Amino acid sequence: MDSSPLQIVWFKCDLRLYDHPALATATVAARGPVLGLVVFEPSLWALPDASGRQAAFYADSLHDLLRAARAADLPIMVETAEMPELLNRLRCSMGSFVLHSHEETGNWASFQRDRAVLAWCREHHIPWHQVPQNGVVRALGSRDDWSRLHDARMSASVLAPPRFTALPARVGGRLPDARSASAEEAALRPWRVLADTDPCPGRQQGGRERGLELLRTFLAGRGASYRFHMSSPGTAEQSCSRLSAHLAWGTLSVREVLHAVWQARSQWQLDNSHPQQRSMLASLKSFESRLHWRCHFMQKLESEPELEFRCLHPATRGLRNEGEPTALDTARLEAWQEGRTGFAFVDACMRYLASTGWINFRMRAMLTSFASQHLWLHWKLTGEHLARLYTDYEPGIHWPQIQMQSGTTGINTIRIYNPEKQRQDQDPGSEFVARWVPELGTATYPTPIVDHLAAAHLARDRLWGLRKDTESKDAARQIFQKHGSRNPACEGVSRSRASVTASPVVTDSSIGEQQTLDF
DNA sequence: AGTGCAGTTGACTTT
DNA sequence: TAAAGTCAACTGCAC
């Protein structure tokens with residue numbers, strides 16, 4: 001009998017060695033040798049929310065991970081297979097092992113995959129240790145406890161990369177020689193092949209080294225203009241942290257980013273003579289707040305994975321066409337996807353996103369609002385399209401945000417963005433529109449496909465109309481109890497009244513959260 | 001000079 | 001940085 005069984009660390013959306021709790025628990029003293037495992041799962045990459053640009057970012061990141069692992073003497077096996085069949089194969093060839101991974105708040109399919117893996121592990125008496133890597137709490141009892149649990153996770157120390165011991169020959173001999181460049185290219189091939197199907201000329205590069213560089217420049221001063229430049233699509237690209245894809249694919253951990261923010265803050269606090277001190281301290285504060293909100297939103301999908309395909313508030317189910325799209329739906333969907341709605345700013349944003357794989361938060365909200373409210377398309381279809389376009393697609397942020405901007409959560413105020421007002425506010429000089437919709441003003445540019453004022457009015461009436469009856473309000477209260485933020489500054493309370501009365505009054509029109517990721 | 005009035009601004013509410 | 005609506009206070013101008 002082997003007294004120290006093989007410890008397999010299954011890398012999922014956590015492509016790093018630093019601050020990697022699953023790797024740390026696998027390497028604590030008295031355990032066996034450690035083997036990394038990265039799996040290209042064809043069924044998951046074929047889903048309608050997956051795309052080539054995400055695969056490309058993953059490949060970049062895996063490249064960095066394999067290099068770092070070589071330097072640290074951690075062998076990593078890269079496989080193309082479905083789980084749990086792969087685990088079965090590994091058990092046959094290598095014998096029993098212990099499996100380690102991070103808790104994942106992914107899409108429904110990844111959740112089902114994890115259930116299958118859990119069933120397989122139980123059947124074969126393979127221990128599977130799943131540990132958290134962010135502020136999302138699995139099996140959360142009450143939202144009242146969440147903030148405390150989140151803060152405790154985030155304030156714990158970051159974990160140094162562990163030291164590894166040599167693999168026994170029975171395992172090591174079966175690994176491909178990952179030291180050669182051609183072997184590494186072969187390992188990355190499934191992701192690269194998929195990437196080639198999705199041209200994205202402005203795509204952000206993946207890999208931990210790039211992520212660290214973005215973090216460094218943002219904290220060292222690039223973030224000074226963050227608060228005033230994040231809302232316009234023309235300036236956000238440089239002023240935002242651009243860490244979203246790195247957090248989504250785990251080349252950086254949210255905790256290490258947070259600790260870096262705290263360290264930068266104490267440095268900036270000392271630098272009284274620096275002209276950017278004030279703006280940097282303000283930026284760091286709002287950036288930290290967003291990291292908190294990031295986990296807050298992901299917690300919603302963790303607690304209710306059906307958010308990916310079912311309207312949260314029961315009264316909003318069936319509001320938009322959930323069946324076979326009509327001819328009108330299809331025409332509108334295609335116009336929106338292809339950036340030819342006749343609303344130049346909306347079209348410019350969609351084309352920019354398609355070309356770069358990223359757009360700032362506010363414009364994501366506008367694109368969603370336009371599809372759901374003005375075009376009255378069901379959010380599942382449009383949400384899948386946006387998911388594919390986002391290199392930084394994070395299911396736990398995406399689906400709760402999509403539902404929020406579509407007015408189907410019941411606990412958030414209805415936000416219908418006016419595409420003309422947004423153009424005025426965010427692109428007053430029309431530089432952004434001119435760059436991405438150069439044919440504007442010529443005969444080839446379409447006329448608007450809807451009367452946006454009338455469409456917004458109709459959407460407002462429909463959504464507010466649903467909230468009037470008592471049953472609907474009761475449902476909203478229950479949703480708030482399960483998912484709502486307990487931050488007093490964000491309650492559905494009129495702030496002026498809350499500040500002057502002993503017991504703030506919750507108005508009927510504002511049960512729940514008033515906060516978005518953008519504020 | 002003070003009054004009347006259209007138009008603007010800002011705080012606040014409603015959808 | 002949701003947008004639209006309401007209302008009161010203010011402003012600039014004409015008379």
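Letters go in sequence order (proteins before strands), and every chain restarts at 1. Treat the numbers as computed from the prediction; the structure is a model and nothing was measured. Computation of the quantities below employed the complete heavy-atom set of this structure, encompassing side-chain atoms and omitting hydrogens, waters and symmetry-equivalent molecules.
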Problem - Under the side chain to side chain contact (heavy atoms under 4.5 Å, CB included) test, residues paired with A/A315 that sit two or more places apart - result: A/H313, A/S472

Exercise for the section: Mind jotting down which residue pairs meet the salt bridge (Lys or Arg N to Asp or Glu O under 4.0 Å) criterion with at least one end in residues 238-252 of chain A? Sequence neighbours excluded, please. Expected result: none

Exercise for the section: Determine the interatomic distance between P on C/dC10 and the same-named atom on B/dA1; round to the nearest Å. Expected result: 22 Å

Problem - All side chain to side chain contact (heavy atoms under 4.5 Å, CB included) counterparts of A/T470, not counting sequence neighbours - result: A/D474

Is there any protein nitrogen or oxygen under 3.5 Å from a nitrogen or oxygen in nucleotides 3-5 of chain C, and what are the pairs?
| unit_1 | atom_1 | unit_2 | atom_2 | d |
| --- | --- | --- | --- | --- |
| C/dA3 | OP1 | A/N418 | N | 2.8 |
| C/dA3 | OP1 | A/Q422 | NE2 | 3.2 |
| C/dA3 | OP2 | A/K421 | NZ | 3.0 |

Practice task
Could I get the full list of side chain to side chain contact (heavy atoms under 4.5 Å, CB included) partners for A/S51, not counting sequence neighbours?
Solution key: A/R53, A/Q54, A/D198, A/R388

Handout entry: Integer-rounded Å distance: C/dA2 P and A/H374 NE2
Key = 14 Å

Handout entry: Results of salt bridge (Lys or Arg N to Asp or Glu O under 4.0 Å) for A/R113 - residues two or more places apart only
Key = A/E41, A/E104

Practice task
List in chain and number order the residues that pass side-chain hydrogen bond (donor to acceptor under 3.5 Å, both in side chains) with A/S369, two or more places apart in sequence or in another chain; answer none if no residue qualifies.
Solution key: none

Practice task
Quick one: list whatever passes side chain to side chain contact (heavy atoms under 4.5 Å, CB included) with A/L281, sequence neighbours left out.
Solution key: A/R265, A/W268, A/Q269, A/Q277

Completion exercise
What residues 346-360 of chain A contributes to the DNA chain C interface at heavy-atom separation below 4.0 Å is none

Exercise for the section: Establish, from distance only, whether the side-chain atoms of A/E420 and A/H452 form a donor-acceptor pair under 3.5 Å. Expected result: no

